[in-house]
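Since the structure comes first, as structure tokens, the remarks are kept for the end.
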There are 2 protein chains.
Amino acid sequence: MSDHDQSPHLTASSSNSNSGDALPPVGEHARQYETVRNAHETELIEDYVELIGDLIQHRGEARAADIATRMGVSQATVSKMIRRLNELGLVTSKPYRSLFLTEEGQKMAETSRARHDIVLHFLRALGVNDHTARIDAEGMEHHVSNETLSIMQRFIDEQTRR
Amino acid sequence: MSDHDQSPHLTASSSNSNSGDALPPVGEHARQYETVRNAHETELIEDYVELIGDLIQHRGEARAADIATRMGVSQATVSKMIRRLNELGLVTSKPYRSLFLTEEGQKMAETSRARHDIVLHFLRALGVNDHTARIDAEGMEHHVSNETLSIMQRFIDEQTRR
DNA sequence: CAAATAGTTTAGCCTTGGCTAACAATGATA
DNA sequence: TATCATTGTTAGCCAAGGCTAAACTATTTG
Ligand SMILES: [Mn+2]
Ligand SMILES: [Mn+2]
Ligand SMILES: [Mn+2]
Ligand SMILES: [Mn+2]
């Protein structure tokens, strides 16, 4: 277990036992899970596009091999994914050459990057260790509504101007 | 689009452009994505177990049909999932009867419930609307480290005692 | 410029988590 | 008690996202 996994007191923190709360109305409850399922459909795509954008920006080009090592995944997996991104109109690619983002891809990369940054900076502003904040942000970013994002941004601003 | 999706100003918030930051070291970066992939393997399981626990607690029993409507998913999908939970030693079930959690299942339900509650209460304490907070919490909960969870708990406590 | 190395793609396999349609059991009610 | 509505199961389909092994292309180097 890394320091990402120190155990806090997760059981029976009396100050916030939800046991008394009733279950949400069925329809609402179902829509919550549905939102999560939808997020899961797009998150990998977003992470790839965001990473490709970052590689182009910081390295000058995005090569499949780099994506593979960065993502911790086989090259075959990346190759397959690139085909998908292509079909979705997010990247353009010629066989055996490096990748480029389409207009739409660039837009997605920017949006994802901005969202990712807000979540990361928010966690740091909250007091979370940088290393942990990076890990948490990578997963959380896809499940944060725009409403929450705005509030996080406000929190960062307040924290910063001080 | 629901009110969950109001657009804030996501592009070019100068105060937190990460563009200057270099990419993280490769190994670290890969481990971030790996952590997310691992979370995705367990999250559905956790949500099922948590929901089963909630149904037993609030309704007296957990029936497959209720799980299906709550999750917004077909009964066939639930039936298949129950077989998996069984194999994992998280629930016991006799054909055509309602479900019970094993010791291990109960432990997981409690832990998940506690984590879910902290995230939900944290979001509300931050100022997020209850409806949105519920949606966000359902997805975020699986990507929040124990370190962050502790900090969220502290934040709630401070907010509450005031 | 030929060979070796590095990078990319393809084929084929697997698991997960959805679905629909058909069938089976249970339990309520006529 | 026989019937029917509700609930649960099974079979078979699909897409996504992993993998390894093998084939192919590009680039570097002797
Ligand atoms: Mn991510
Ligand atoms: Mn990201
Ligand atoms: Mn939950
Ligand atoms: Mn959840």
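Here is how names work: the chains are called A, B, and so on, in the same order as the sequence lines, proteins then strands, and each is numbered from 1.
- Between A:R63 and A:E61 there is a salt bridge, since at least one side-chain N of the basic residue sits less than 4.0 Å from a carboxylate O of the acidic one.
- In this structure, the nucleotide among D:dT9, D:dG12, C:dT20 sitting nearest to the side chain of B:Q75 is D:dT9.
- Of the side-chain N and O atoms in A:S74, one or more sit less than 4.0 angstrom from OP1 or OP2 of D:dC19.
- Note on B:R83: every side-chain N or O is 4.0 Å or more away from OP1 and OP2 of D:dT9.
- In this structure, B:I67 atom CD1 and D:dT6 atom P are separated by 20 Å, rounded to whole Å.
- Taking every side-chain heavy atom of A:R37 into account, C:dG18 is the closest of C:dG7, D:dT9, C:dG18.
- A:L99 has its CG atom 12 Å from the C1' atom of C:dG7, to the nearest Å.
- Between A:E87 atom CD and D:dG17 atom C1' the separation is 14 Å, expressed in whole Å.
- Below 30°, between 30° and 60°, or above 60°: for B:H143 and B:H40 the angle between ring planes is above 60°, a perpendicular geometry.
- The pair B:R134-B:D130 counts as a salt bridge, with a side-chain nitrogen and a carboxylate oxygen less than 4.0 angstrom apart.
- One finds a salt bridge joining B:E50 and B:R113 here, because a Lys/Arg side-chain nitrogen approaches an Asp/Glu carboxylate oxygen to under 4.0 Å.
- Here A:V78 lies out of heavy-atom contact (under 4.0 Å) with every strand.
- Atom CZ of B:R59 and atom P of D:dT7 are 14 Å apart (whole Å).
- Listed candidates were C:dG18, D:dC19, D:dT9. Nearest to the side chain of B:S79 is D:dT9.
- If you check D:dT10, C:dG18, D:dG17 against the side chain of A:R84, the one that comes closest is D:dG17.
- Side-chain proximity of A:K80 to C:dG12, D:dT7, C:dA21: nearest is C:dG12.
- Sequence order on DNA chain D of the closest nucleotides to A:I45 and B:K94 puts B:K94 first from the 5' end.
- Nearest heavy atoms, B:G127 versus A:I151: O-CD1, 3.4 Å.
- In this structure, the CD1 atom of A:I82 is 11 Å from the C1' atom of C:dG7, given to the nearest Å.
- For D:dG8, one of the phosphate oxygens OP1 or OP2 lies less than 4.0 angstrom from a side-chain nitrogen or oxygen of B:R63.
- As a whole-Å value, the separation of A:H40 NE2 from D:dA15 C1' is 16 Å.
- Checked against C:dG27, D:dC13, D:dA26, the side chain of A:R97 finds its nearest nucleotide in D:dA26.
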Next on the checklist: Go through it in stages, so that I can follow the logic: the residues are A:N86 and A:S93, the test is side-chain hydrogen bond (donor to acceptor under 3.5 Å, both in side chains), and I'd like the CA-CA distance, side-chain angles, deciding distance and then a yes or no.
Outcome noted: CA-CA 7 Å; A:N86 231 308; A:S93 64; 2.7 Å; yes

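- In this structure, A:A65 reaches the sugar-phosphate backbone alone: every heavy-atom distance under 4.0 Å involves primed, P, OP1 or OP2 atoms, never a base.
- Closest to the side chain of B:Y96, from the set D:dG8, C:dG17, C:dG7, is D:dG8.
- Taking atom CD on A:E41 and atom C1' on D:dA16, their separation rounds to 9 Å, with Å as the unit.
- The side chain of B:T77 places an N or O atom within less than 4.0 Å of a non-bridging phosphate oxygen (OP1 or OP2) of C:dC19.
- Within the nucleic acid shown, A:L44 comes within 4.0 Å of sugar-phosphate atoms alone, with no base atom in reach, counting heavy atoms only.
- When rounded to the nearest whole Å, the span between CE of B:M81 and C1' of D:dT9 equals 17 Å.
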